[in-house]
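This report concerns only the one structure given below.
These numbers come from the heavy atoms of this one structure, side chains and all, not from hydrogens, waters or symmetry mates.
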Number of protein chains: 2
Amino acid sequence: MDTEFAELLRDRNLKATPKRLELLSVVAKYNSAIPYSELQKSLHHFDRVTLYRTLNALLDGGIVHKASVSNEEVYYAMCKHYCSSEGHHHKHVHLKCKECLEVSCVEAKNTIVIDIPNVEIDNVEIEVQGTCSKCL
Amino acid sequence: MDTEFAELLRDRNLKATPKRLELLSVVAKYNSAIPYSELQKSLHHFDRVTLYRTLNALLDGGIVHKASVSNEEVYYAMCKHYCSSEGHHHKHVHLKCKECLEVSCVEAKNTIVIDIPNVEIDNVEIEVQGTCSKCL
DNA sequence: TAACAAACGCAACATTGTTGCGTTTGTTAA
DNA sequence: TTAACAAACGCAACAATGTTGCGTTTGTTA
């Protein structure tokens with residue numbers, strides 16, 4: 001009788017502690033990427049260091065990922081299945097809507113190809129600012 | 001008898017003070033995007049707050065821009081001519097080389113088109129991690 | 001060159017990152 | 001089921017950076 005989150009954690013050799021399960025539940029329930037300040041608010045009973053270390057553990061484990069938006073607040077969202085402790089492999093784009101201010105992970109319609117002469121590309125992170133479909 | 005930098009500043013209604021000119025000179029001389037720690041080192045005689053406010057003034061004025069690299073250190077680089085106090089409009093990509101660790105602004109060979117259904121896109125920021133031409 | 005607004009230095013406080021260490025707890029094997 | 005260990009947690013403490021207020025200095029303009 002294991003929850004899905006506990007399984008996720010143990011798969012990465014992380015103990016399924018109540019704190020981690022609670023944090024995951026908060027991140028997953030949020031309908032878009034959750035800003036750090038919201039995490040603090042929802043988890044105000046967490047010690048500051050515990051939140052810090054728990055987030056780091058989940059980031060390292062490829063369970064959640066950061067979406068930094070133009071050097072402002074940091075947002076967190078659940079990873080897709082293809083992330084692991086080996087690394088993050090997101091194929092989506094982080095969109096920050098200027099109307100509702102929400103940050104979401106969206107799939108681009110086209111395949112994004114970036115070709116830079118004489119450069120070997122390992123990973124690409126794309127941040128888009130604009131207006132989301134809800135607000136249009 | 002105005003330097004190019006002084007002109008840049010006055011165009012944005014910013015006073016051409018020695019501090020600002022010195023900071024611009026440091027940023028411009030650096031062969032790639034300069035990390036914040038390097039700025040501090042080169043400008044250790046600046047008050048911490050002065051560096052902070054000077055950078056903000058130049059960022060707001062569209063004279064320099066930030067290149068944040070996966071939530072690590074922040075890098076700064078000179079803007080191109082088409083940036084102004086109205087906003088930044090970069091068409092380049094920020095590349096962090098995993099070998100030399102340098103961050104540079106490079107032009108992509110192809111036009112980067114990102115199409116997301118029902119989303120109106122204003123601005124796109126792209127961060128690439130890989131190996132630069134020098135290190136290949 | 002005088003006068004004003006902007007820029008600067010200093011002090012002070014807030015937020016977040018980061019580490020050490022003693023205690024608590026999840027996990028595993030007996 | 002439980003004992004034992006390693007991991008996770010809370011607390012204290014310190015570092016780095018962000019941010020604001022205020023009095024003084026300085027660039028700009030008339």
For B:H45 and B:E22, run side chain to side chain donor-acceptor pair (under 3.5 Å): C-alpha distance rounded to whole Å, both residues' side-chain angles, the deciding distance at 0.1 Å, then the answer. CA-CA 11 Å; B:H45 52 293; B:E22 189 179 352; 2.9 Å; yes

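Rounding to whole angstrom units, NE2 of residue B:H44 and C1' of D:dA16 are separated by 19 Å. In this structure, A:L55 atom CG and C:dT18 atom P are separated by 12 Å, rounded to whole Å. One can place CZ of B:R12 at 18 Å from P of C:dA6, the figure rounded to the nearest angstrom. The interatomic distance linking B:L9 (CG) with D:dT26 (P) rounds to 18 Å, in whole Å.
In this structure, C:dA29 forms a base pair with D:dT2, meeting either the Watson-Crick or the G-U wobble geometry with both donor-acceptor distances under 3.5 Å.
Here A:Q40 does not reach the OP1 or OP2 of C:dT15: none of its side-chain N or O atoms lies under 4.0 Å away. In this model, the phosphate group of D:dA8 is not approached by any side-chain N or O of A:T54 to a distance below 4.0 Å at OP1 or OP2. At C:dA6, none of the side-chain N or O atoms of B:T17 fall inside 4.0 Å of OP1 or OP2 (strictly under the cut-off).
Taking every heavy atom of both residues into account, B:A67 and B:V103 meet most closely at CB-CG1, 4.2 Å. Taking each heavy atom of A:C83 and A:G62 in turn, the nearest pair found is CB-O, 3.3 Å.
Out of D:dC9, C:dG9, D:dG27, the shortest distance to the side chain of B:P18 is found at D:dG27.
When heavy atoms are screened at a 4.0 angstrom cut-off, B:A16 is found touching the sugar-phosphate backbone but no base atom. Within 4.0 Å of B:Y36, counting heavy atoms only, lie sugar-phosphate atoms of the nucleic acid but no base atom.
The base of D:dG10 sits within donor-acceptor range of the side chain of A:R53, with an N or O pair under 3.5 Å. Between the side chain of A:K15 and the base of D:dA6, at least one donor-acceptor pair of N or O atoms lies under 3.5 Å. Under 3.5 Å, the side chain of A:R48 and the base of D:dG10 form no donor-acceptor pair of N or O atoms.
Of the candidates B:Q129, B:E127, B:H65, B:H65 is the only one forming a side-chain hydrogen bond (donor to acceptor under 3.5 Å, both in side chains) with B:H94.
The residue among B:D47 and A:Y52 whose nearest nucleotide of DNA chain C is located toward the 5' end is B:D47.
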